[in-house]
There are 2 protein chains.
Amino acid sequence: MASRAKATILDIAREAGVSKSTVSLVLQGSGLIRPETAVKVRKAIEDVGYVYNRGAANLRKAHSNVIGMVINDLTNPFFAELAVGMERVFQSAGIVPFIANTAENPVRQEEVLKSLMEQGVAGLIVSPARGTAPGAFRRLETAGLPVVFAMRRLPESRIPVIAPDNHRGAWLATAHLVGKGHRRLAFFGGSSDLVVYHERLGGFREACETLGIATSDRLIFEGETSRKGGIACMETALAMAEPPTAALCFNDAVAFGAMLALRKRGLEPGADFAVVGFDDVAEAEHYMPALTSVAVDSAGLGERAAHVMLKMIQSRTTRAEDHIGAVNLVVRDSCGPDRRAGMGDAA
Amino acid sequence: MASRAKATILDIAREAGVSKSTVSLVLQGSGLIRPETAVKVRKAIEDVGYVYNRGAANLRKAHSNVIGMVINDLTNPFFAELAVGMERVFQSAGIVPFIANTAENPVRQEEVLKSLMEQGVAGLIVSPARGTAPGAFRRLETAGLPVVFAMRRLPESRIPVIAPDNHRGAWLATAHLVGKGHRRLAFFGGSSDLVVYHERLGGFREACETLGIATSDRLIFEGETSRKGGIACMETALAMAEPPTAALCFNDAVAFGAMLALRKRGLEPGADFAVVGFDDVAEAEHYMPALTSVAVDSAGLGERAAHVMLKMIQSRTTRAEDHIGAVNLVVRDSCGPDRRAGMGDAA
DNA sequence: TTGATTTATTGGAACGTTCCATTTATAGGC
DNA sequence: GCCTATAAATGGAACGTTCCAATAAATCAA
């Protein structure tokens, strides 16, 4: 049907016997054209197999309808959920979000960012890769492009952030463990080049202090934020002279790893060692034992980030308020009372 | 630094004291320009904070450097891995893949496809949403756009497919169960609107027939391809007068659900009922018990799909060979021998 | 020196839209 | 019937690139 060369509005115009301007108007749904004419034009559009060329249009129009989502690890279901939340909002605003994965690689991130800009996106929602240089987003800022950070932030930047209340989440989880009678608490996973790490660890430390629990740097185990990292942390911890009896994990993946390591040593997660996760991914509920975790509502945060972005685009500004999302501790089966202390005082 | 209005190559030309053509040549890395001139131009580019306008360029150039990946369910880690494999290949070819999620919704898929085309993508890699209309890709075909299906296919279409050998995978898994002494085998999850379902179920049926096992439609349980679906299947199955002793599950998610349902009834997966999954997602290895599953190498299939796409773009064709990826059964702990039969003949 | 050849650089015409300023057609008021 | 107001449709100039054909400058062979 369609000829080999791509059809343009001029082809449609010829086909329908009108001018290209009329076709353009129809395409934009303008009320200025007579209904019968519109019908005629739309038929011609069908007939020639026309596809709109947004690149050409953007040459004249102020802004495009695509926004980019730059995500550091797509294989983490947590980020996938974030993406899904954003999509929900954008879809209803007629905006198409394109997702790009940086695989936690700053160089790749640079490329992706460049490509998205060249494509003329209207805005960018970014969860920056670990190890991103402090100035990496300077260019975007000076270009006046709306950018919001999701989940993660960069040490010093004026870019608005949408993230959960990491400090409070860690506080709640720690208090829960203390309430169960644990006195020797560890923190598993993560590393200090992540701002989130400092927030979560900070909440842990503050809770310990407030509740009169001694903390020691020897009970803080840095590690990968994956199952593997969790296994490693647990193994080192159990090898100590005086091992901890409970651990707050940087995220759920680390917690799953920690529980795996326990099993491998013949210990029962929950009963022999209490584990709390962070993020509350879908899997947490179905694990054996079901994981107690800090729920952050990632889809909700995604929606929020999308709304903020929409507002920024609308008001053509590059500034917005940070949004710190509420968290809550979901208690399941992975934290029993401290065995040793339990005998004496915890009934 | 940068002025408010976007800088164009004309601004650069003025700044560097050359013509716009020279700037364009530098941008394309042409060897025709004198090195000193190139340096001067590049400096000017830095100074004015220029960002390349790919939309304008595509107006003249034949094709863009972006290809679209349309995925039906981003929250399934399986698809995320597929995406990661593709990205690896495209990155080294200087192509930027944009991912879009259809959330298993044909309407959304239509929008996403439209948007991607308008954006002028060079090609499309698609895992079609369930319930996609047979003609949904007709337009793309006639437009001469290279399209590859990944993992899933549409009933009748000439679009090349990259997918695992579902038939053989199911065959292997079924034979494994039979080898363990099971004689009453069920198939859990999936539904007949998916081509993949017919392939997997076909392999199951053929293996049963070849190995002399009776099958009955009453042992084929359709259901959602999720944990929830797996739970439902298992519950219905166990309620039967003569329940099966083993099940091949449509995918790993269904298998996890089935095992969950067993536990809920006080039965031990592996010992009391054998379960095999399909896809071998990362989680399978770490589950309790570790899940026996058919590994499909999704990242590898992603790479392959990307290569096929690259070749299609290069040779400006819309045809390519299908590629059926090898599978292999990873035996873990979720399938013990049939208890009842075991007494008698399976030692 | 001259003409031919090579090397660098440059105008200008596309590319497919949008949108402003016009033109043309239709209707209304007198 | 004429003038004005409104509705509908249109031509043409952008927008930021690429690329061809043309020019200008430098090099070479005679």
| note | Result for 5'-nearest mapping on DNA chain C, choosing between Arg60(B) and Pro35(B), is Pro35(B)
With a 3.5 Å distance limit and no angle check, can you tell me whether [X] reaches the backbone of [Y] through a side-chain donor-acceptor pair?
X: Asp322(B); Y: Pro160(B); result: no
X: Ser157(B); Y: Leu154(B); result: no
X: Glu15(B); Y: Ala44(B); result: no

| task | Might you point out which heavy atoms bring Leu124(A) and Leu140(A) nearest each other, and give the distance in Å? | result | CD2-CD1, 3.5 Å
Distance-only donor-acceptor check, side chains [X] and [Y], under 3.5 Å:
X: Ser298(B); Y: Glu81(B); value: yes
X: Gln28(A); Y: Ser24(A); value: yes
X: Glu141(A); Y: Thr318(A); value: no

| task | Sorted by first residue and then second, give each salt bridge (charged side-chain N to carboxylate O under 4.0 Å, His left out) pair with at least one member in residues 16-30 of chain A; sequence neighbours left out. | result | none
| Under-4.0 Å salt bridge between Arg158(B) and Glu321(B) | no
| Hey, are Lys114(A) and Glu111(A) close enough for a salt bridge, meaning a charged N less than 4.0 Å from a carboxylate O? | no
Using nucleotides 25-28 of chain D, report all nitrogen or oxygen pairs with the protein that are shorter than 3.5 Å.
none

| field | Summary of side-chain hydrogen bond (donor to acceptor under 3.5 Å, both in side chains) pairs that have at least one residue in residues 49-60 of chain B, sequence neighbours excluded | value | Glu118(A)-Arg54(B)
| message | Quick check for you: name the first and last nucleotides of DNA chain C, 5' to 3', having an atom under 4.0 Å from a heavy atom of chain B. | response | dA8(C) to dG16(C)
| query | Considering only heavy atoms, which members of residues 27-34 of chain B lie under 4.0 Å from some atom of DNA chain C? | reply | Leu32(B), Ile33(B), Arg34(B)
| query | In residues 11-22 of chain B, which residues come under 4.0 Å of DNA chain D by heavy atom? | reply | Lys20(B), Ser21(B)
| message | Using the rule given for side-chain hydrogen bond (donor to acceptor under 3.5 Å, both in side chains), can you reason through Asn72(B) versus Thr102(B), listing the C-alpha separation, both sets of side-chain angles and the distance that settles it, and then say yes or no? | response | CA-CA 5 Å; Asn72(B) 61 296; Thr102(B) 64; 5.9 Å; no
| said: Using a heavy-atom cut-off of 4.0 Å across all strands, would you classify Thr8(A) as base, sugar-phosphate, or nothing? | reply: sugar-phosphate
| task | Return the orientation label for the Phe98(B) and Phe98(A) ring planes: parallel under 30°, perpendicular over 60°, tilted otherwise. | result | parallel
